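Okay, so here's the structure we're looking at.
In this text, all values refer to a predicted model and were calculated from it rather than measured experimentally. Each chain gets a letter, A, B and so on, in the order the sequences are listed, and its residues count up from 1.
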2 protein chains.
Amino acid sequence: MAGTGRGEQGGGERRTDALSKERIVDAAIAILDAQGESALTFRALAASLATGAGAIYWHVANKNELLQAAADAVITRVVSDESTREAPAAIRAIASGVFDAIDAHPWVGGQLLREPGQSAVMEILEGFGEQLEGLGVPERDQFNAASALVNYVLGSAGQFTAGARINPEGLGRTEFLARVATRWTERHDAATYPFAHRAAAQLREHDDREQFLAGIDILVAGISTLR
Amino acid sequence: MAGTGRGEQGGGERRTDALSKERIVDAAIAILDAQGESALTFRALAASLATGAGAIYWHVANKNELLQAAADAVITRVVSDESTREAPAAIRAIASGVFDAIDAHPWVGGQLLREPGQSAVMEILEGFGEQLEGLGVPERDQFNAASALVNYVLGSAGQFTAGARINPEGLGRTEFLARVATRWTERHDAATYPFAHRAAAQLREHDDREQFLAGIDILVAGISTLR
DNA sequence: ACCTGAACACCGTTCAAGT
DNA sequence: ACCTGAACACCGTTCAAGT
């Protein structure tokens with residue numbers, strides 16, 4: 001019972017090359033970053049760790065736990081201590097951090113959406129939630145407000161990830177989006193989709209990060225309404 | 001070249017039991033609804049259509065196209081014609097429609113997040129976008145505003161889906177969430193996660209649908225700020 | 001043109017056997 | 001306690017062969 005939990009306090013590892021959950025997670029992140037979600041198989045992971053596929057199961061219950069641990073590792077680094085700033089700036093900073101993390105590790109976006117009450121998502125919820133007092137939001141509305149921020153961030157994260165997955169690498173994101181937009185407008189007529197056609201035009205001079213933060217600002221403005 | 005497209009105008013089908021993309025999509029939706037995402041395999045689908053696995057590939061390029069078509073079929077029915085109402089009510093109605101569709105077909109939530117520029121998502125974008133003029137949003141902000149709404153809806157959708165996937169059916173959603181919250185609070189101390197602990201308490205007397213719509217209201221309030 | 005179904009190239013996961 | 005690696009039970013997809 002003693003050493004079972006996920007505490008893993010640095011007691012003193014014998015050999016540096018021994019397998020551990022941490023090493024496995026790091027190797028998984030490296031594969032995910034370099035070659036994408038579809039490249040992460042237990043066989044590839046075992047090969048990169050110079051071990052057998054079954055060995056991994058001694059440290060990790062299954063693939064889902066592995067992906068969760070990988071996503072948590074990336075997000076946890078990012079969300080911590082923005083508590084010093086003014087409320088709106090802190091919210092922006094947390095959101096930017098999550099955005100940048102997903103930009104650097106696109107697979108994280110998809111993973112966050114698959115684990116609802118899991119560490120990474122709760123970390124983000126906590127980060128946003130602690131700022132709401134500073135915006136003067138009454139306690140009864142705080143949960144709704146924090147949820148709205150989290151759901152918006154997760155939805156945006158999913159969009160980035162989906163975009164990254166389809167983009168035949170080499171194209172810049174804006175250029176890629178412009179191409180998608182062109183294809184879409186060619187296939188759907190402007191009469192039934194007037195708004196989407198106007199949006200597609202704007203897409204060319206558009207920056208994902210700015211649009212993401214514009215959404216955060218809209219939410220903060222809406223939240224400031226609750227008093 | 002003539003009959004290739006996805007037009008499929010009702011010319012006159014010969015035998016009612018012939019395979020078609022529409023029949024395949026309907027069968028897929030039935031399996032997804034009844035047994036969940038993991039139950040949809042080409043073998044199971046072929047069996048339910050009383051045909052061979054390879055036959056499906058004559059009508060559908062691959063599994064991803066099948067899932068997209070299924071999600072589009074569910075969403076398209078829902079988003080159409082809310083155009084008569086006042087802007088804020090119309091936005092609420094569209095959001096409610098999407099929420100209810102995902103509530104009834106949880107697999108749709110995950111699928112919407114995997115197809116960025118695809119029909120269903122664009123349909124939702126269009127629905128929201130057309131209401132923004134009525135809120136007095138200047139054209140240059142309309143794309144950001146509509147995107148924020150869509151991303152929020154998609155993020156929420158992902159959360160519902162993830163919840164539904166984990167929920168060992170039989171429990172009501174509120175009861176299930178309460179159980180998740182209890183488990184989470186037991187494992188994380190209130191000192192480092194003060195907000196999440198308060199949120200977990202509120203979770204017991206909480207309604208998903210209401211919280212979702214509260215987020216929509218926050219967004220609408222924020223969007224009305226743009227002038 | 002449309003359908004069949006065996007075959008291919010993979011997966012995640014298990015488990016007897018080793019050290 | 002930890003690791004090995006073959007084996008199991010699946011997948012999505014292809015394709016020669018049928019009608």
Under the rule of Watson-Crick or G-U wobble with both distances under 3.5 Å, where | means paired to another strand and [ ] a crossing pair, DNA chain D maps to ||.|||||...|||||.||
(message) With a sphere of 6.0 Å drawn around CZ of B:Arg209, does it hold more than 12 non-hydrogen atoms of other residues, nucleotides or ligands?
(response) yes
(Q) Check whether A:Thr185 reaches the backbone of A:Thr182 with its side chain - one donor and one acceptor, N or O, closer than 3.5 Å. (A) yes
Quick one, A:Phe212 and A:Val153 - any side-chain contact, counting heavy atoms below 4.5 Å? yes
In whole angstroms, the gap separating P of C:dC3 from CD1 of B:Ile56 amounts to 11 Å
Quick test of your reading of the model: are B:Arg114 and A:Glu37 salt-bridged, counting only N-O distances below 4.0 Å? no
Practice prompt. Mind running ring-ring contact (aromatic ring centres under 6.0 Å, His included) on B:Phe128 and A:Phe195 for me, showing each step along the way?
Written response: CA-CA 9 Å; B:Phe128 286 138; A:Phe195 181 79; 9.9 Å; no
Rounded to the nearest 0.5 Å, the CG atom of B:Leu19 sits from the CD1 atom of B:Ile24 at a distance of 4.0 Å
A:Ile31 CD1 to C:dC11 P, in whole Å, measures 11 Å
Between the main-chain N or O of A:Trp184 and the side-chain N or O of A:His188, is there a donor-acceptor pair closer than 3.5 Å?
yes
> Does B:Trp58 place a side-chain N or O at less than 4.0 Å from the phosphate oxygens OP1/OP2 of C:dC2?
Replying inline: yes
- [ ] Kindly assign one of parallel, tilted or perpendicular to the pair B:Trp107 and B:His105, based on the angle between their ring planes and the thresholds 30° and 60°.
- [x] perpendicular
note: B:Leu19, atom CG; D:dT19, atom C1'; distance rounded to Å ~ 16 Å
Got a list of protein N/O to nucleotides 12-16 of chain D N/O distances below 3.5 Å?
unit_1 : atom_1 : unit_2  : atom_2 : d
D:dG12 : OP1    : B:Lys63 : NZ     : 2.6
D:dG12 : OP2    : B:Phe42 : N      : 3.1
D:dG12 : N7     : B:Arg43 : NH2    : 2.5
D:dG12 : O6     : B:Arg43 : NH2    : 2.8
D:dT13 : OP2    : B:Tyr57 : OH     : 2.9
D:dT13 : OP2    : B:Lys63 : N      : 3.0
D:dT13 : O5'    : B:Tyr57 : OH     : 3.1

By nearest-heavy-atom nucleotide on DNA chain C, the more 5' of A:Ser38 and B:Ala50 is B:Ala50
